[in-house]
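Here the structure is a predicted model, which means the values were calculated and not measured.
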Amino acid sequence: MASLIDKLKRIRIVRAFVYAIVGIISYPGLVWINRLKISGTENIKDLPRRNVLFVSNHQTYFADVITFLHIFCAVKWRKKNKLGIPYYLLNPFTSVFYVAAEETMKGSWISRFFTLAGALTVKRTWRVEGKEIRRGLDPSDTRKITRTLKNNWVITFPQGTTKPFAPGRRGTAFIIKQTRPIVIPVIISGFWRAFNKKGLKFKKKGSQLLVTFKKPLTVDYDAPAEKILTQVMDAIEQSKAYMMKGAHHWETTDK
C-alpha cells in the first residue's frame with residue numbers, strides 16, 4: 001500500500017486532483033471564516049522550479065501546508081499577496097512536496113489522502129509514540145528529500161514540531177549543504193489560534209492568519225551544519241535570540 005501511494009503521489013494529475021479537492025474544501029476557512037494576509041510573494045514569483053527549499057515555523061499539522069499550496073498556485077497565476085478567486089485550482093502548481101512525519105501521515109484516512117498531495121514522509125528524529133528519543137539521521141529519509149529537490153520545491157519545518165521555539169534539527173542543515181538549494185524562510189502566525197492542532201477543525205473563527213515569505217538566504221554552503229542551522233532558525237524567528245526578545249503569545253502544542 002505504501003509503495004502504491006509513493007507512486008501515485010509522483011503523478012502530477014493525481015496531485016492536481018488532490019489539490020482541487022483539498023483546495024475547494026479549505027478555501028472558505030482561510031479567506032472567509034478567517035482572514036488570510038500574505039506578504040512577500042514577490043520573493044517567490046520568479047524562482048526556478050527546482051532545488052528550492054522553503055523553511056518555516058510550524059503551528060498545525062496540515063493547515064500550514066495547505067495554505068502554502070494555495071499561495072504557490074495563486075502565484076503561478078500571477079496573484080500578488082492574495083489568493084483571489086480560486087480558479088488557480090484548475091491548473092495548480094504541483095512541483096512542490098512537503099516533509100511530514102510518517103507517524104502523522106498514517107494517523108487517519110484524511111492524512112493518508114493528503115499524502116497524495118506530495119508528502120515526503122520521514123521518521124521522527126526526537127519523538128516516537130510520545131517518547132523522547134534522540135536518534136541520528138535516517139539516510140533513506142535524507143536521500144528521499146535530496147532526490148525530490150532536484151526537480152521540485154520542497155517545504156520543510158526544521159523544528160519538526162508545532163511547539164514554538166523548539167530547537168531546529170540538523171537534518172535541514174545537512175540537506176542544505178548537500179543540495180545547495182535556494183532557501184526561502186517563511187514565517188506564519190495565527191494558525192494555532194484559528195485551528196486545532198491537526199489544522200482540520202476551527203478553534204476560533206475570525207482569526208488573522210499571517211504568511212510572510214522572506215528573501216532568499218545568503219548561505220555559505222561550506223560552513224558547518226550548526227552555523228547553517230542557526231542562520232535558518234534566526235530567519236524563521238524561532239531561535240533563542242528571538243525567544244528572549246520578550247513575551248510571545250504562542251500556544252505550546254506539540255506533536
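The two atoms that bring K79 and Y87 nearest to each other are NZ-OH, 2.9 Å, heavy atoms only. Considering every non-hydrogen atom in both W153 and I44, the closest pair reads CH2-O, 4.1 Å. When all heavy atoms are compared, the tightest approach of L229 to G168 is CD2-O, 3.6 Å. Taking each heavy atom of F191 and L210 in turn, the nearest pair found is CE1-O, 3.8 Å. For P158 against M233, the heavy-atom pair with the smallest separation is CB-SD, 4.1 Å. Shortest non-hydrogen contact noted between H58 and Q159 is N-OE1, 4.3 Å.
Taking CD1 from I182 and CD1 from I176, the interatomic distance works out to 12.5 Å, rounded to the nearest 0.5 Å. Note that the CG atom of D64 and the CG atom of N57 stand 7.5 Å from one another [nearest 0.5 Å]. In this structure, F68 CZ and C73 SG are separated by 13.5 Å, a value rounded to the nearest 0.5 Å. Rounded to the nearest 0.5 Å, atoms NZ (K204) and CG (N196) are 15.5 Å apart. The distance from atom NZ of K205 to atom CD1 of I33, rounded to the nearest 0.5 Å, is 5.5 Å. The CD1 atom of I11 sits 12.0 Å away from atom NZ of K9, with the distance rounded to the nearest 0.5 Å.
Using a 4.0 Å cut-off between a side-chain N of Lys or Arg and a carboxylate O of Asp or Glu, R180 and D222 qualify as a salt bridge.
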For a side-chain contact (heavy atoms from CB on, under 4.5 Å) check, start with the C-alpha distance between T162 and Q59, then their side-chain angles and the critical distance, and finish with the verdict. CA-CA 5 Å; T162 57; Q59 295 192 345; 5.6 Å; no
What's the verdict on side-chain contact (heavy atoms from CB on, under 4.5 Å) for Y98 and L120, showing C-alpha distance, side-chain angles and the deciding distance? CA-CA 6 Å; Y98 63 97; L120 299 174; over 6 Å; no
Quick one: do R170 and E226 satisfy side-chain contact (heavy atoms from CB on, under 4.5 Å)? Show the steps, please. CA-CA 7 Å; R170 290 185 300 170; E226 291 77 11; 3.8 Å; yes
In sequence, state the C-alpha distance, the side-chain angles, and the governing distance for V99 and T172, and then conclude on side-chain contact (heavy atoms from CB on, under 4.5 Å). CA-CA 11 Å; V99 179; T172 300; over 6 Å; no
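The backbone N or O of V186 lies less than 3.5 Å from no partner atom in the side chain of K214, so there is not a single donor-acceptor pair. The backbone N or O of T121 sits nowhere less than 3.5 Å from a side-chain atom of E102 that would complete a donor-acceptor pair. Looking at N34, its side chain does come within 3.5 Å of a backbone N or O of G206 through a donor-acceptor pair. Distance alone, capped at 3.5 Å, places no donor-acceptor pair between the D141 side chain and the V122 backbone. A donor-acceptor pair under 3.5 Å links the side-chain atoms of Q231 to the main chain of T218, judged by distance alone. A distance-only check finds a donor-acceptor pair linking the side chain of Y221 to the backbone of P181 [under 3.5 Å]. For S111 (side chain) and M105 (main-chain N/O), a donor-acceptor pair under 3.5 Å exists by modelled atom type. Here the side chain of N81 pairs a donor or acceptor atom with the backbone of G40 at under 3.5 angstrom. Side chain of R50 to backbone of N152: no donor-acceptor contact under 3.5 angstrom is found.
Within the structure, side chain to side chain donor-acceptor pair (under 3.5 Å) pairs that include any residue of residues 11-29 comprise R12-N91, R12-T94, S26-H70 (at least two apart or interchain).
Other residues, nucleotides and ligands contribute more than 12 heavy atoms inside 6.0 Å of the NZ atom of K144. Counting heavy-atom neighbours within 6.0 Å of I13 CD1, excluding the residue itself, gives a total of 12 or less. Surrounding CD1 of I85 are at most 12 heavy atoms belonging to other residues, nucleotides or ligands under 6.0 Å away.
Taking the ring centroids of F195 and F202, they lie under the 6.0 Å cut-off. The aromatic ring centres of F62 and F114 sit less than 6.0 Å apart. Aromatic pair F93/W77: centroids not less than 6.0 angstrom apart.
Looking at heavy atoms from C-beta onward, D6 lies out of side-chain contact with R10 at the 4.5 angstrom threshold. Residues R78 and Y88 are not in side-chain contact: their nearest non-hydrogen atoms beyond the backbone lie 4.5 Å or more apart. Two residues are said to be in side-chain contact when any heavy atoms from C-beta on lie closer than 4.5 Å; R35 and L209 fail this criterion. S56 is listed as a side-chain neighbour of I188, based on a closest heavy-atom distance under 4.5 Å. Between V65 and T60, every side-chain heavy-atom pair lies at or beyond the 4.5 Å cut-off. Residues V154 and F54 form no side-chain contact, since every pair of their non-hydrogen atoms from C-beta on lies 4.5 Å or further apart. Residues L53 and T179 form no side-chain contact, since every pair of their non-hydrogen atoms from C-beta on lies 4.5 Å or further apart. Between R49 and K76 the shortest side-chain heavy-atom distance falls below 4.5 Å.
Between Q178 and the options T142, I145, L149, a side chain to side chain contact (heavy atoms under 4.5 Å, CB included) holds for only T142. Under the side chain to side chain contact (heavy atoms under 4.5 Å, CB included) rule, V211 has a single partner from T41, L30, T67, which is T67.
Scored by the salt bridge (charged side-chain N to carboxylate O under 4.0 Å, His left out) test, E42 finds no partners at all (sequence neighbours excluded). For S239, the side chain to side chain donor-acceptor pair (under 3.5 Å) criterion is met by D234, not counting sequence neighbours.
The hydrophobic cluster containing I155 does not contain I187, counting ILVMFWY residues as joined when their side-chain heavy atoms lie under 4.5 angstrom apart, directly or transitively.
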